[in-house]
*Asks:* 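Handing you this structure, nothing more for now.
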Amino acid sequence: MATAPSDYVFQDEFTADSTYEVGEAVSLWKDAWRRLTSNYFALFGLAVIVLLLLVAIVSQFWTPYPTWKQGIGPTYGGPSAAHPFGLDQVGRDILSRLMGGAAIALAVGLGTALLSSVIGIALGLLAGFYRGWVDTMISLLINVWYGIPDLLVVMLFVVIINSRELKWIIVAISITAWLNMARLVRGQTLALREREFVEAARSIGTRDVGLLTRHILPNALGPIIVQATYLIPAAILFEAFLSFLGLGAPPPEPSWGAMCAEGYKSLQLAAHVTLVPAFALAITLIALNAFGDGLRDALDPRMRR
Amino acid sequence: MTRGTLLYIGQRTLLIVLTAFIVSSIVFIGVHQLPGNAFVGERRTSAASQQALLQHYGLDKPWPQQYGTWVTGVLTRGDLGESLKQRGQKITPLLLREARVSVSLGLFAMAFCIIFGMGLGILAAVKQNTWIDYVASFLATVGYSMPNFVTAFLLILLTVTGFYAWSGGNFYEDIGWGKLEQIPVPAIALGLLPMTLITRLTRASMLEVIRQDYVRTAWAKGLRSRVVIVRHALRNALIPVITVLGPITTGVITGSVVIEYLFGIPGLGKEFVSSIFQRDYNVVIAVFTFYAVLVGLANLAVDLVYPILDPRIRY
């Protein structure tokens, strides 16, 4: 039943390299963009992300009904012309809440990606550049932190801080999310600091700060961007977990995780109350991960499909 | 067991102990920064009885002393203290009972994700660029982005309204815990995301190995496809897959918090959530520390499996 193995072994070797044109001068970023736009799955991801951004912005000024308003129609009302996604257990319009939830998800996703990237990049640069005891301390911190289930840390932090404001949720998720970024940047820095161009910059008297920000960081930017892209869906998922457990954005806020939690007890009665936010969450995460995968493949030519 | 291996185990054990110490002390300090205590808002709020309660739990002493008492209790008697909310309930037996539930769920989920993940990954790699590969890759990409509670909803809908009705209500009981047939649905919900990770990894590393010369030689020798794939290719393709077993274990433990809460399974995860809400800090500290040790041990176990599969790795 096995097809002749030679078929796929040899064909691939011949076709793979022929797509590369020799002698054409394109910048890394232009080349990456071309690879990204030829990846349909990544483009689908990008389209969803743009749509989501638009919805999130619009929701700040206009939603069909107020996201918090109860008793707009029959409770557990199914989809209709006035309410495309139906109504929830207290008669709120699910479409409006879904729109508001997009803003929360994106705020948490982008905020966390930004904050945890800053922490991770700073610690990674320090550990990789100075090595010695600095590296030992930071690496130990990372190793110990890795051994602690992150969701529990975040839950405990939210309880201790005793506030469920969005900014604190972002901080809570960020203090666990920086680990991979720090590891990545540390590894990149360790390799880059030995390179000739860093040596050259050092020899003309560039200070450490200049070496780190002007020479090492820009050269590690590709993997950093990819890693930061993956942080966004991870943070959105985390916020959903928190909201689902009742520790996310406080009740009237239309967080997708909270909407799922409020609806799942009536799953059999009115599945749409739960399934609509659940699918919104899943599609968002699929899109972001697809875009991240596309970006990774585009920025790292060795990762050819 | 060489000397190096023992040394490595020793180092790792030290790291686990250190982690447990750091975790328990940070949680301890953090929890004691909170205003009020677990007894505020209870019906019995006369000053005298409050004082009596605080004294009973040693909460009237400064926290370094409390922490000292707690650590000695754990180290000498394995005593994790007493629940603040369920009076007289020692935490150690509670934890052990709940850990049994969580571990059985977790092991089932791990078995599911490893067996199906690898199977699907191998199938996709061997049948590369056929519809099997496309379906498997699509499932892996979609499943990878599926929050476990969303998977759980779909499974519940499937089993409750589908299977349950079809089997005349005999298939799934939703009260109590402990029957074997109650494990699969939550375990699959828990294991689906790590399964997709394993599928992707197995497929990628199988594709790489399958192109190697020694595999070509194996084909050329006229070996049967099963032998080539299982004995020559799979063994080497497994190594990158093993590396993610550590993070996957952590992921399953984390995920079980949500899944146990959702399904009402009386395990550690559910206990953690409810103790956080009830401000039963003694239980929070105990569960947290227990999890840290569990993750550490799981990771150590995974690292000790490497050298068995890959003799090039030595400690």
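Proteins get letters first, then strands, A, B, ... in listed order; numbering begins at 1 in each. Computed from a prediction, not measured in an experiment: that's the story for all the values here.
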*Asks:* Classify the ring geometry of B/F149 against A/F244: parallel below 30°, tilted from 30° to 60°, perpendicular beyond 60°.
*Replies:*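 Plane angle under 30°, so parallel.
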*Asks:* Can you say whether A/F157 sits under 4.5 Å from chain B via the side chain, the backbone, both, or neither, judging by heavy atoms?
*Replies:*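 No part of it gets close to chain B.
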*Asks:* Mind checking whether A/F241 and B/N148 have side chains closer than 4.5 Å, heavy atoms only?
*Replies:*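 A/F241 reaches B/N148 side chain to side chain.
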*Asks:* Between A/Y146 and B/L15, is there a side-chain heavy-atom distance shorter than 4.5 Å?
*Replies:*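 No - every pair of side-chain heavy atoms lies 4.5 Å or more apart.
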*Asks:* Below 4.5 Å, heavy-atom pairs only: which of A/I283, A/L288, A/V153 has the largest tally toward chain B?
*Replies:*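 Option with the greatest count: A/V153.
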*Asks:* Tell me, out of B/V150, B/V258, B/V27, B/T250, who's got the most heavy-atom pairs with chain A below 4.5 Å.
*Replies:*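 Looking at each option in turn, the highest pair count goes to B/V258.
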*Asks:* At what distance, to the nearest 0.5 angstrom, does CZ of B/F272 lie from CG of A/L151?
*Replies:*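 These two atoms lie 8.0 Å from each other.
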*Asks:* Where does B/R200 contact chain A at under 4.5 Å (heavy atoms): side chain, backbone, both or neither?
*Replies:*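 When you check distances to chain A, only side chain atoms of B/R200 fall under 4.5 Å.
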*Asks:* Side-chain contact, heavy-atom cut-off 4.5 Å: B/Y144 with A/L285?
*Replies:*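 No, too far: nothing below the 4.5 Å cut-off.
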*Asks:* Let me know if A/L237 has heavy atoms under 4.5 Å from chain B in its side chain, its backbone, both or neither.
*Replies:*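 Side chain of A/L237 only, per the 4.5 Å heavy-atom cut-off to chain B.
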*Asks:* Of all of B/L18, B/V293, B/V287, B/I276, which one pairs up most often with chain A through heavy atoms under 4.5 Å apart?
*Replies:*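 Ranked by heavy-atom pairs under 4.5 Å with chain A, first place is B/I276.
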*Asks:* Flag the one option from A/L152, A/I148, A/T284, A/D150 with the top tally of heavy-atom pairs under 4.5 Å to chain B.
*Replies:*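 The option with the most such pairs is A/L152.
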*Asks:* Going from OG on B/S274 to CG on A/L245, what distance comes out if it is rounded to the nearest 0.5 angstrom?
*Replies:*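 The distance works out to 11.0 Å.
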*Asks:* Do A/F41 and B/T141 touch side chain to side chain, with heavy atoms closer than 4.5 Å?
*Replies:*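 Heavy-atom side-chain distance check passes, below 4.5 Å.
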*Asks:* Taking atom CZ as the centre, does B/F138 end up with more than 12 heavy-atom neighbours from other residues, nucleotides or ligands that are less than 6.0 angstrom away?
*Replies:*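 For B/F138, atom CZ is not crowded (no more than 12 foreign heavy atoms under 6.0 Å).
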*Asks:* Considering only heavy atoms, which portion of B/V284 lies under 4.5 Å from any heavy atom of chain A: side chain, backbone, both, or neither?
*Replies:*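 Contact with chain A: side chain only.
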*Asks:* Verify the neighbour count for atom CD of B/Q212: are there more than 12 heavy atoms of other residues, nucleotides or ligands below 6.0 Å?
*Replies:*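 Correct, the count exceeds 12.
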*Asks:* Picking from A/C260, A/A287, A/G257, A/G246, which has the most non-hydrogen pairs under 4.5 angstrom with chain B?
*Replies:*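 So the answer, after comparing A/C260, A/A287, A/G257, A/G246, is A/C260.
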*Asks:* Do the non-hydrogen side-chain atoms of A/N143 and B/T19 ever get within less than 4.5 Å of each other?
*Replies:*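 A side-chain contact under 4.5 Å is absent here.
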*Asks:* Who wins among A/L156, A/L140, A/L275 for the most heavy-atom pairs under 4.5 Å with chain B?
*Replies:*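 Most pairs with chain B among the choices: A/L156.
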*Asks:* Got a sec: does the CZ of B/F277 have more than 12 other heavy atoms crowding it under 6.0 Å?
*Replies:*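 Counting other residues, nucleotides and ligands, CZ of B/F277 exceeds 12 neighbours.
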*Asks:* Between B/V273 and A/M155, is there a side-chain heavy-atom distance shorter than 4.5 Å?
*Replies:*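 A/M155 reaches B/V273 side chain to side chain.
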*Asks:* Counting only non-hydrogen atoms closer than 4.5 Å, does B/L154 touch chain A with its backbone (N, CA, C, O), its side chain (CB onward), both, or neither?
*Replies:*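 Only the side chain of B/L154 comes within 4.5 Å of chain A.
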